[in-house]
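Note on naming: letters A, B, ... go to the chains in the order of the sequence lines (proteins, then strands), and numbering restarts at 1 for each one.
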Amino acid sequence: MSLTITSQRWTFKSPSLLLKNLNFFFSFSYLFNCSIHCSSPSSIDAESFYTSLLEKSLRKAHLTQIHNQLYKRGLQNNGFIITKFINISSNLKEIDYARQVFDEFPDKYVFLWNAIIRGYSMCNMLDEVVEMYSRMQTACVSPDTFTFPHVLKACGGLLAVRYGRAAHAHIYKHGFQEDMFVANGLLSFYVKCEENNSARVIFDGLTSKNVVSWTSIISGYAQSGQPVEALRIFMEMRGSDVKLDSIALVSVSKAYSDLEDLNQGGCLYGLVIKIGHEFDPDLRIALTSLYSKCGQVMAAKSLFDQMKVHDVILWNAMISGFAKNGHPNEALELFTEMISKNIPPDTVTVQSSVLASAQLGSLDQAKWMDTYVKNSKFSNDIIVSTALIDMYAKCGSIELAHEVFNRTLDKDVVVWSAMIMGYGLHGWGREAIDLFNEMKDARVLPNDITFLGLITACSHSGLVEEGWEFFHSMKDYGLEPQQKHYAGMVDLLGRAGYLDRACNFITTMPVEPSVSVWGALLSACKIHRCVMLGEYAAEKLFALDPLYTGHYVQLSNLYASTGMWDGVAKVRVLMKSKGLTKDVGLCELPPGNQIDIEVG
DNA sequence: CTAGGGTTAG
């Protein structure tokens, strides 16, 4: 048999020898612009020849050539080749071409449906995935175990809980629930839809669990604010004989960073080294973020510096790590370093750098950042604009904040809330309220943060009754007050000197008051020098969060403001008895939840 | 041909 490329002809003794040498021809991809022809291969040979040819294809032009040849040889209805064709077209993001070939195929069976569904999934066209799945059912083609992972992934991405549940029912109907890929697909679907309870039912029902099953359930809890449960399951996983991999550890590191628990998080790094993943770039990004969130920015920076390749996400993790932990100068240095090295920042980089500028509080820096954004492709990015509004407000220019606000198109609730909060922090309560009315006229629905902004605005400008009304109108928008709203109300009442009302308010709360609520009461007591009530609030705070030194300092300041120096001394003794020093903040798991990771 | 992870405005 022989292969002809335009005028050149190579002869091979057997088809397998020809296929072996195909690699050689395609390493010069320009050759493929000429026509490639194989001398009449038999039916079996044709399948391996064309699938090999497809695997070497790099462009749509290659696909078209093969497509034409298939027609010439009457192979257009060969399901094996056409399935491959659809898969390869999808890999090359030529999904429309894949669809055309799919539509031309007469009796589509399950492999073809799977291929086109996979194609839409690869191209992130999730609506089409779901649509093709339902067309497949209309066509009375039974799905197989390869169909569902794609469908479930799409349902998860679309947060289409109802579709996913329907697929779940189909899976049972076909008896595929034991299949590892299908079961894990279901698990991750429920996790993405934040249906942790359903996910847990699936997880607990698994007859065998692999590293993917464990990782899915761990990240489910880690990403829904239940890091302790995530870590408990991780401990269980370590007791099983499933081997850890880098993705599992990334999920675990997310749980530790939410806990801001560096003691345990530091052990995680030991574990990473132990299983030999310390140079995994993605794990390094996660660890950089973990160290940053635990306030150990310098440790994070040393991880960052050790990396040879700096992915933009790594830069982002480092910049936001610096920005959020009181090192705005370092964050902005990294940002300018990126610019000078011609590394293109993405929207997250710019968001974090704007945040750093806000933390810095310098109006000059803020203006520089604003100018940078104006001349970049991020000038119309709504998230960046929101950050700019907040930045100007924090850097002291409510006028410039308003200017950014005015030029922001299609303002969403976050943009409005940022501006309301900006006014609020400046004590411009009336302006905040006016803006809220404008927002309602613009038919933008307020959310929990909008109301927090309004309550803050009223609190900072002494508009007690207005704030009270806003708080109570939350329910008209179907919003349940959260701890931050209760804390805002205690601040509103306490700041204005209504300490009794603040206390009454706390006793009528339908939920247990959190640290932030008692903290607000304590600071109000400090303003109005009310020692007795302040001591009461402090006791509550010590009980809730015994190791946080800030509360002790607050109480001490209260005593100092009234000249009660014996009180100041008492606090110092109390702190010493608990082994606390003034500038160390510790964060530990609740008793009984300590997790030990042994490092070999 | 199929399942899990990292940065992210108020």
Tell me what [X] touches on the nucleic acid: a base, only sugar-phosphate, or nothing, going by heavy atoms under 4.0 Å.
| X | value |
| --- | --- |
| A/K192 | sugar-phosphate |
| A/F189 | nothing |
| A/D448 | nothing |

I need the [atom1]-[atom2] distance between [X] and [N], as an integer number of Å.
| X | N | atom1 | atom2 | answer |
| --- | --- | --- | --- | --- |
| A/I86 | B/dC1 | CD1 | P | 14 Å |
| A/D390 | B/dT8 | CG | C1' | 15 Å |
| A/L152 | B/dC1 | CG | P | 20 Å |

What residues form a ring-ring contact (aromatic ring centres under 6.0 Å, His included) with A/F105, not counting sequence neighbours?
-> none
[X] side-chain N/O to [N] phosphate OP1/OP2 under 4.0 Å:
| X | N | result |
| --- | --- | --- |
| A/K153 | B/dA3 | yes |
| A/Q223 | B/dT8 | no |
| A/S320 | B/dT8 | yes |
| A/K254 | B/dT7 | no |
| A/K324 | B/dA9 | yes |

So salt bridge (Lys or Arg N to Asp or Glu O under 4.0 Å) across residues 383-404 of chain A, not counting sequence neighbours, yields A/D390-A/K394
Suppose we call a contact any N or O donor and acceptor under 3.5 Å apart; does that hold for the side chain of [X] and the base of [N]?
| X | N | value |
| --- | --- | --- |
| A/S251 | B/dG5 | no |
| A/N316 | B/dG6 | no |
| A/N210 | B/dA3 | yes |
| A/N447 | B/dG10 | yes |
| A/T215 | B/dG4 | yes |

Are A/H168 and A/Y190 close enough that their ring centres sit under 6.0 Å apart?
-> yes
Quick one: are the ring centres of A/F304 and A/W315 less than 6.0 Å apart?
-> yes
